[in-house]
Amino acid sequence: GCGGSTGSSESSAPAGSAAPGAPTDDSNCADEAVFCIGLVTDTGKVDDKSFNQSAHEGALEAQKQTNGFYKYIETQDAKDYAANMAQFTNKKYDAIVTVGFLMTDATLEAAKANPGTRFIGVDQGYDPAAVPGKNVTGLIFPEDQAGYGAGYLAGLMTKTNKLGQVLGLEIPPVQKFAKGFEAGAKAANPAVTVTTVYHPAGDNAFNDPVWGAGEAKKQLAQGADIIFGAGGNTGNGALQEVAKAKGAGTEVFCIGVDTDQWDTVPAAQPCLITSAMKLITEGVTETLVTAKDGDFAENQTLGKAGLAPFHDFESVIPADVKAKVDEVVKQMEAGTLQTGVTL
Amino acid sequence: MSETPTVADQAAAPPPSSGGTSGDKKPAQPLAYLLTHQSGVVILVALAIALLVGAALIRYQGVSPWYAYETIIREALLVDGGLTRTLQKTAPLVLTGLAVVIPLRVGLFNIGGQGQLIFGAMFGAWVAYAAGGLGFLGALCGMVAGMVAGAFIGWIAGVLKATRGVHEVITTIMLNYIAAGVTWWLVTGPLQAEGSKTSGIPQTELIPDAARVGAVAGIPIGFVIALALAIACWWMLSRTTLGFKLNTVGANKHAARYAGININRIIALSMVFGGGLAGLAGALEAAGTLHRFEPAIGGTLGFDGITIALLARANPLATIPAALLVGILRTGAPGLQFATGIAPEVVDLLLAIILLMVSIPVLGKWIFRSRADKVAAASTSWGN
Amino acid sequence: MGAWIAKNRTTVIVSVAVIVAAYAFYYLKNDIAPSMYVSAWGYAIPLVLAALVGVIGERSGVVNIGIEGQMLVAAFAGFFAAAYSGSLLVGVLAGIGSGLILGGFLAWTTVKWRMDQIIAGVVLNIIATGITSFYYQPGQLLPGLMPKFDIWPLSKIPLIGEVFFSGTSIFATLAILAAIGVHVALFHTRWGLRTRAVGEYPSAADTAGINVERLRLINVTLAGTLAGCAGVYLSMDASSSFERGMVAGRGFLALAIMIMGAWRPLRALAMAIFFGFINAVASQLQAGGSIDIPPQLTGTLPFVVTIVVLAIAAGRVRAPGAVGQPYVKGDQ
Amino acid sequence: MSTPENTPTPVPADTAPEHLEAIATSDAVLELPPEKSGFGEGNVGEVLLDLAGLTKSFGSVRANRDITMHVRRGEIVALLGENGAGKSTLVNQIFGLITPDSGTVTVKGDSTPIKDPRDAIARGIGMVHQHFQLVPVMTVAENMILGHEPTRGGAVLDLDSAREMVRSLSAKHGLPVDPDAEVEDLPVGTQQRVEILKALSRSVDLLILDEPTAVLTPQETDELLGVMKELAASGTSIVFITHKLREVLAVADRVYVLRQGAVVGEVATKDTDARGLATMMVGREVVLSIDKADATPTDTVLTITDLHVLDDRELGAVNGFTLSVRAGEIVGVAGVEGNGQRELVEALAGMRKVVSGQMTLGDLDLTKANPHQTHHAGVGHIPEDREKHGLVASYSIADNLVLNEFDQAPYSKSGVRQFDAIREHAEAVRTEFDIRSSGVQQSAGSLSGGNKQKVVVAREMAFKPRLLMAAQPTRGVDVGSIEFIHRRIVDARDAGAAVLLVSAELDEILSLSDRIAVVHGGKVVAELPARGADRTEIGRLMAGDH
Ligand SMILES: Nc1ncnc2c1ncn2[C@@H]1O[C@H](COP(=O)(O)OP(=O)(O)OP(=O)(O)O)[C@@H](O)[C@H]1O
Ligand SMILES: Nc1ncnc2c1ncn2[C@@H]1O[C@H](COP(=O)(O)OP(=O)(O)OP(=O)(O)O)[C@@H](O)[C@H]1O
Ligand SMILES: [Mg+2]
Ligand SMILES: [Mg+2]
């Protein structure tokens, strides 16, 4: 996870950085021996505590492991995707990470134009017919499975049979988490009702912790006792609100998303029983490392998703609940259990 | 010294006599004034100060300011395709700038450019796709549709202002949210591309090649359209009876009514114009850049339009250099980050400082020890 | 009293109707109504504080469209000052102080330099966005939680006590007190009379011996503290983190609230709560799941309702006469 | 204290426009024997106000040149001069609103510069400004106390004592006003009364009145003149600006005459008369009463039948108004302001909705017409409020001259404005109507009041209307311009136009009209021929006594 915040992601630090002995600039990227990694964010920044940051940290780690070179560009305008990727391809970077499903088309086009460069599209599921060659892979995650596991846990834990979800924008990754959560909860406990609110469309749908907190408060007041906060900082606002509520950690709980938010949102610890994880950082690192070695899974790479450790709630959650959740997670990994989520 | 009209005097909304009848004085031509007049010097000094402040900021980041500025210029103008991209970015900025300028002349503050643009982009993209088989004609239909959609949003605000007295600042803010919500719903529902339904990506179908708006010899057609419209707006405002009506309503509502001008119609019309221009900007973005509608298509274009209109002091022609400045900075920003690691927000700070410096009326006084320069009065229309 | 009611008949009728409806809903739908009211008020708090900034500024003749930026910087300064100093108090003071400084910036540029007020506000917003984004630091935490308390005995009043006076916080209380305070100050004190004169017709104030520039400078600067409170509320009370762009348009909404409130503090308070309530209704529609309206459309409800209500009811509210115009004495 | 000099300052030839050069050198300028100057009637005491060498320029306009004058305690001094002569500029410097370029203002022996009005107030100066300085949305009481508010506990307004103050002041000076009325709802005459009371609400040693009577009825004016005399008798000094010579002669002890920013003469009122003053001001003989031929009215042009119109507050303002005007006659509508005249004119101009009744122009129904239609039906309208309705201040004279014809040939061809035609028209009109400006491109807002009015009059007459409506056509205009405007109105009549003249100025009505309709309460209460009309009788009718 991005816990511990090593400071590597300070926005004011130069984008290019290098491990000892690694290349110090990108003048030799064309060289076979020099592995250059570029990253283009979705409109957002590498310290957004969300998918951009996770991917960025994954790339940093990959740079260390490959002893390569790494740089990023923070996109400000969705119309700059191509131009930003071109900055890297012009310098003959070896691998380029593009973050977010909005860049799907732009990534495929760039891959087509630059067969010598490997592209990794985070959260991008490609239509196999559209994939131009072996130099591009979409890194996708079974968010619905993570959501399902978390929902299953919540369904077993709830006393009021009311669950809440405070979500970011209604976009595919978020929807998959949310629908998975609902399906899991219902599977565990048919009596449960799940209240779901997405942030209404807006530029700050993932950056509105105040709205998230307000919605969480309202859901608690209406009887929900476990809240799933999934939507960047908006969701984090919800987690923090639950952590402040009366009975936090004993009667009301919260569930985080994406990474183990025990580390990323310490303020949520009083209520945070687990997080529905989507291991972007690890996924990006692994894919980049394999990309350097040359055996690159074309078209699609399935990243990992799952539940974070229970941390302090290890003792709070009954053993039989843990066992049941474990069982469900195993079944999903084995492919014997389908979440049934479609968009 | 203070007898000669300054850029500001000429450009102030509304302008004295909109140029025109002058036999003894030159008509209001902002570019000419920029070069020949005292205020031109003031603007240059203001720019220089802004660049110096920006330099200090960049220096503080540990980067050579000279190198940083050079990078922006290189990336925006000199590298292969840079100029095209800059002009591509400038085109919608000119239009959203005009979308603020025209209502401003009538005394209305249109902060709804963003919503009007989004709406225009949505319908522009959809019509251009649907009529894509018609080729060039399809492109035209798309642009008209975008214009109409944007104009519709503007019209709502205009009509409510004219007939019900609802402050346009409220309605345009509210309509920004409404337009965002409605287009978002359309693009994830009825108008979502078939191929995107399974993945859930919010985007419409791609506009077929024939109905796209491209570039000729590296000059984007959209830019040419924007230029033509800026000139047309200037001509309309300063040379036609319609422009006279718009200016008169802005200058003195009571006198306008007395003069037999239908104020309500002019107020609504100005918002229709503004909305239409912003809507066209959206349609051009759809047809020329993304080739489809995505919610992120608007970027910050609508709000940049306010900055541009203010930089241009409500003068349609001056929106061109103002938009070009913004276009250059925005095009150069990613390259700047690539080359130096400086976060692209630095460009916004730079823009803010430029706007600040250019708009300080006392700057002229400090430089020339003359009377304070008058600046386009955007806010004098606020209270109406 | 009778005369006051006669003079404010519409206000009284509307207020009574609203209050009756609110209590009826409260008792009829006891499972969801209270939480919706709480949510409405929570939504309204920063809007009220920010709208008051607008009211004070415009009543003095200065448009402030930089409220969004003031709030953003205050949220930023408050949060990080608290995080680094380890003291909530330091954070609150820093946030309020930054609001004050930006208020001073707006005041100085518009009053002393006679810069266009809209431009000054736009500049302020861009700078605020730029700075807070540029100097943002991840991974900081507040040293603690803002205190919550009940205001006894008001907290015992049904509905009103529950919503406004129990489990409340400093800023929530402040929002009510400030609205009342500004109303009283504006309409019943010497300062208020002078402020309104300066905003309506500055040359009349000037010829009556009032220092127009100084009063505007002071008012716009001090109003910045309320914007500071609104910002601090967002990052330290309503949530416990600072994020880029977290004000999320509330500064602009506050301007709309100000206009809907006809530049009157108490009416702005009422309008903010009304707006917050429609928001709660919108998310309730989404959450309830009984009717299947896409969330994007329910999300637009507050804005649609606002426009419709204004179109039907508002008529022409009038801005202070001199708002937007720098005051230039006879010979300049 | 030395006796102030009062040698007339000749107008420097290099800056004076040609048309005034002759005046400056003409022997019409009065030179007074020095020993006569400075001594008026009444209980004059020591010099209270002393101006030495005051000079003020606005850009290239030299509004005041080396002005030297003085006012003694208890003395009423009048300032006379054409529009734009620099009277307001002068008194605004005394009140601290304008900083002189050079020269000193000495008040009660203290010659430290007056920084701002606050400073002036502190030194015992009060002023009634040419343009209302009242906050329209506030009540009379609130306006009255602004700047010196009675409070409880130092901060909370004490509106009760404010009301009390208004009532007692009203009673004391015989100027009744309702303390709780909002100023914008009051007729202008009452607003002026508020202004005067406001100035009197602080005890002042020097009271400056800048055209306070421009919007007052004759009765109100007489009341004010009475108040001024009382104040002077109790030792207050007064500087009084007016364009009405009758008033000067009635109250002033001495008169200073300004022309082109300089003092061109000083005279004690007992040594002069109206004709002399007018000559001093304008530099030539002024015809004070117009001589016109008898009217030869022909067909009825305008017919108003049982008209009902509401005012801004939606109250009935015009209540069953019936009147007709024939071609070739001037019908004067006499009435105290606020009796529906404004609403009547606005309704006729298509700017206000008609509730019921009918208005026809020839056989054209004007009842539902908008301003555009009425104009093109041939109605010329000189509006009461020229700054608000009549002119676009930021536009050039040329554009203002085509304000309601801008979309007609030859000023526009297929929607494109024809600037050559507009300019030619403007040049011609400017010469014909003697509009004094640097050219037709000068902005209308920078013209003096009289010339602004000439622009409006010129525009409305240039298109030869069938019906000319003139509302307060000479308000605030100097005698020279009044003469000119009156002449043009009579000329229009003689050319066959029907003229509806609305004026609060009874003298104007009496001297111009062929027929007089007296209005009260929004309807005509009497119609009488102008010849031989009795002033007092009309005054009585106007007051609602019938
Ligand atoms: N449209 C409205 N809807 C609901 N409540 C309103 C509305 N307008 C005003 N109120 C409420 O009515 C009360 C009086 O408001 P108003 O602004 O009229 O005060 P006021 O009459 O000026 O007060 P004062 O007598 O202190 O001067 C306040 O409590 C306000 O919140
Ligand atoms: N603020 C100003 N800026 C520029 N010119 C001014 C200003 N104020 C007055 N003037 C000019 O100075 C001259 C004197 O104006 P002033 O108002 O003193 O005349 P006045 O004698 O009071 O005329 P009136 O009888 O019309 O009131 C005029 O030419 C006027 O246009
Ligand atoms: Mg009231
Ligand atoms: Mg004057």
Side-chain angles (χ1 to χ4, degrees), chain B residues 57 61 109 111 156-157 159-160 163-167 169-171 173-189 303 306-307 310-311 313 343 345-353 355-356 358-363 371-372 374-384, chain C residues 58 61-63 65 109-110 112-134 249 252-253 255-257 259-260 293-304 306-307 310-312 314-326 328 332:
Chain B
L57 210 81
Q61 298 287 312
F109 190 46
I111 45 183
I156 296 176
V159 152
L160 288 177
T163 61
R164 307 291 312 160
V166 185
H167 204 296
V169 167
I170 301 187
T171 39
I173 290 177
M174 301 286 155
L175 284 166
N176 279 343
Y177 286 99
I178 294 173
V182 170
T183 52
W184 185 272
W185 166 68
L186 286 172
V187 77
T188 51
F303 297 107
I306 298 173
T307 310
L310 297 177
L311 266 177
R313 298 178 177 191
E345 284 88 354
V346 76
V347 152
D348 292 292
L349 284 176
L350 206 57
L351 214 52
I353 301 165
L355 182 57
L356 178 70
V358 168
S359 314
I360 297 178
V362 284
L363 191 66
R371 288 206 304 141
K374 268 189 268 153
V375 171
S379 42
T380 42
S381 63
W382 180 269
N384 294 325
Chain C
E58 298 211 0
V62 179
V63 180
I65 65 164
T109 50
T110 56
K112 280 290 178 186
W113 291 351
R114 298 196 191 120
M115 202 167 134
D116 183 274
Q117 297 170 1
I118 298 270
I119 298 183
V122 168
V123 166
L124 204 160
N125 284 335
I126 307 178
I127 290 181
T129 313
I131 287 183
T132 55
S133 179
F134 215 68
F252 290 105
L253 283 179
L255 280 180
I257 300 286
I259 297 171
M260 286 163 72
I293 311 171
Q296 302 88 4
L297 292 186
T298 54
T300 64
L301 189 66
F303 311 109
V304 174
T306 303
I307 291 184
L310 284 179
I312 294 172
R316 291 158 198 273
V317 285
R318 203 162 41 166
V323 78
Q325 297 154 19
V328 183
Q332 281 166 345

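This is a predicted model, so every value here is computed, not measured. Quick note on labels: first sequence line is chain A, next is B, and so on, each numbered from 1.
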Determine whether B/Met174 and C/Thr300 make a side-chain contact, defined as any pair of heavy atoms from C-beta on separated by less than 4.5 Å.
no
Please determine, among B/Leu160, B/Ile173, B/Leu57, the option with the most heavy-atom pairs under 4.5 Å with chain C.
B/Ile173
Which region of B/Val347, side chain (C-beta onward) or backbone (N, CA, C, O), has a non-hydrogen atom less than 4.5 Å from a non-hydrogen atom of chain C, or is it both or neither?
neither
Would you say C/Ile307 and B/Val166 make side-chain contact, with heavy atoms under 4.5 Å?
no
Those residues at least two apart in sequence (or on a different chain) that pass ring-ring contact (aromatic ring centres under 6.0 Å, His included) with C/Phe252 are none
Would a 4.5 Å heavy-atom cut-off, applied to side chains only, mark B/Arg164 and C/Leu310 as touching?
no
Flag the one option from C/Leu253, C/Leu301, C/Leu297, C/Ile126 with the top tally of heavy-atom pairs under 4.5 Å to chain B.
C/Leu297
Where on B/Thr183 is there a heavy atom nearer than 4.5 Å to chain C: the side chain, the backbone, both, or neither?
neither
Part of C/Ile131 within contact of chain B (heavy atom distance under 4.5 Å)
both
Side chains of C/Leu255 and C/Val63: does their closest heavy-atom pair fall under 4.5 Å?
no
Of the listed B/Ile178, B/Thr171, B/Leu351, the one with the largest count of heavy-atom pairs under 4.5 Å with chain C is B/Ile178
